[in-house]
Amino acid sequence: VTEIERPIRIVLDTTAVLIWIDPNPDRAILVGEPVAELADEGARFAVPVICLAEAHARVGDTKAIERIAAHQHGVVTPLAVDDWPALSAGRGLLDRLDLAAAFVVADGPDAHIVTAEPERYAAIADEISIIEV
Amino acid sequence: MSQPEQNVDADAEVSSERRAEVRATFRAKLAAADAKRSPDRTNRRRELLQRDHSAA
């Protein structure tokens with residue numbers, strides 16, 4: 001199965017990243033196990049590069065962020081020039097650029113945003129799919 | 001593979017039962033989320049992202 005054929009089923013936002021890198025394994029498994037479960041199915045997670053940066057800015061755990069960025073069952077979605085209008089629209093709705101990035105990346109019906117703060121997406125609750133951790 | 005680096009020591013602190021429980025909970029949430037999928041919602045999402053929501 002090639003990378004292109006492995007579907008993206010979840011998009012991790014900043015809060016999901018923070019849980020995954022939590023030193024407390026009881027918390028880390030709340031994201032780690034879902035990632036492993038999807039990997040067993042041949043699916044992947046995505047994480048917007050802005051969410052990685054925001055998580056790092058909050059906790060400064062460089063090694064943990066680097067491990068997620070290089071994870072074999074994930075993909076970091078970069079910023080592209082053409083993304084700015086959608087990111088601006090998302091930022092206008094959600095008041096934060098990292099949330100907007102998750103909104104933009106969760107394209108298509110099969111990708112769900114994984115977050116610890118579903119209330120942050122209340123403004124677009126009818127337009128997205130959220131899985132709370 | 002509970003942590004990004006597949007930290008064996010950290011994993012050892014969490015029982016296999018607990019990990020199975022977390023996976024089962026996630027599976028249920030994923031199934032519920034999948035059940036709500038609809039082309040309409042996808043279209044509304046894309047429409048929202050094409051609008052100008054700037055403060056100006």
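Each chain gets a letter, A, B and so on, in the order its sequence line appears, and its residues count up from 1.
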Proximal to chain B - members of [range], heavy-atom separation under 4.5 Å:
range                       : answer
residues 89-96 of chain A   : A:Ala89, A:Gly90, A:Gly92, A:Leu93
residues 77-85 of chain A   : A:Pro85
residues 115-131 of chain A : A:Ile124, A:Asp126, A:Glu127, A:Ile128, A:Ser129, A:Ile131

Any residue of residues 38-46 of chain B which, by heavy atoms, sits under 4.5 Å from chain A: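 So far as heavy atoms go, B:Arg41, B:Thr42, B:Arg44, B:Arg45, B:Arg46 are the residues that approach chain A to under 4.5 Å.
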
Structural part of A:Leu87 lying under 4.5 Å from a heavy atom of chain B: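 Looking at A:Leu87, nothing touches chain B.
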
Engaged part of A:Ile65 at the chain B interface, taking heavy atoms whose separation is under 4.5 Å: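 For A:Ile65, neither part sits under 4.5 Å from chain B.
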
Lys/Arg-Asp/Glu bridge criterion (N-O < 4.0 Å) met for B:Arg19, A:Asp26: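 Here B:Arg19 does not pair with A:Asp26 in a salt bridge, since their nearest N and O are not under 4.0 Å apart.
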
Give, for atom [atom1] of [X] and atom [atom2] of [Y], the distance between the pair rounded to the nearest 0.5 Å.
X       : Y       : atom1 : atom2 : result
B:Glu13 : A:Ile29 : CD    : CD1   : 11.0 Å
B:Phe26 : A:Leu30 : CZ    : CG    : 12.0 Å
B:Leu30 : A:Leu38 : CG    : CG    : 6.0 Å

Option that, when pairs with chain B are counted at under 4.5 Å, heavy atom only, ranks first among A:Ala86, A:Pro34, A:Ala100: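 When all of A:Ala86, A:Pro34, A:Ala100 are compared, A:Pro34 has the most.
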
Test log, rule side chain to side chain contact (heavy atoms under 4.5 Å, CB included), inputs A:Glu33 and B:Thr25: CA-CA 10 Å; A:Glu33 289 301 327; B:Thr25 300; over 6 Å; no

Shortest non-hydrogen contact between A:Pro109 and B:Arg37, atoms and distance: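 Heavy atoms of A:Pro109 and B:Arg37 come nearest at O-CD, 3.0 Å.
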
Worked check of salt bridge (Lys or Arg N to Asp or Glu O under 4.0 Å) between A:Glu37 and B:Arg27: CA-CA 8 Å; A:Glu37 182 75 7; B:Arg27 280 207 150 282; 2.5 Å; yes

Step-by-step side chain to side chain contact (heavy atoms under 4.5 Å, CB included) determination, B:Asp34 to A:His112: CA-CA 8 Å; B:Asp34 282 346; A:His112 310 290; 2.6 Å; yes

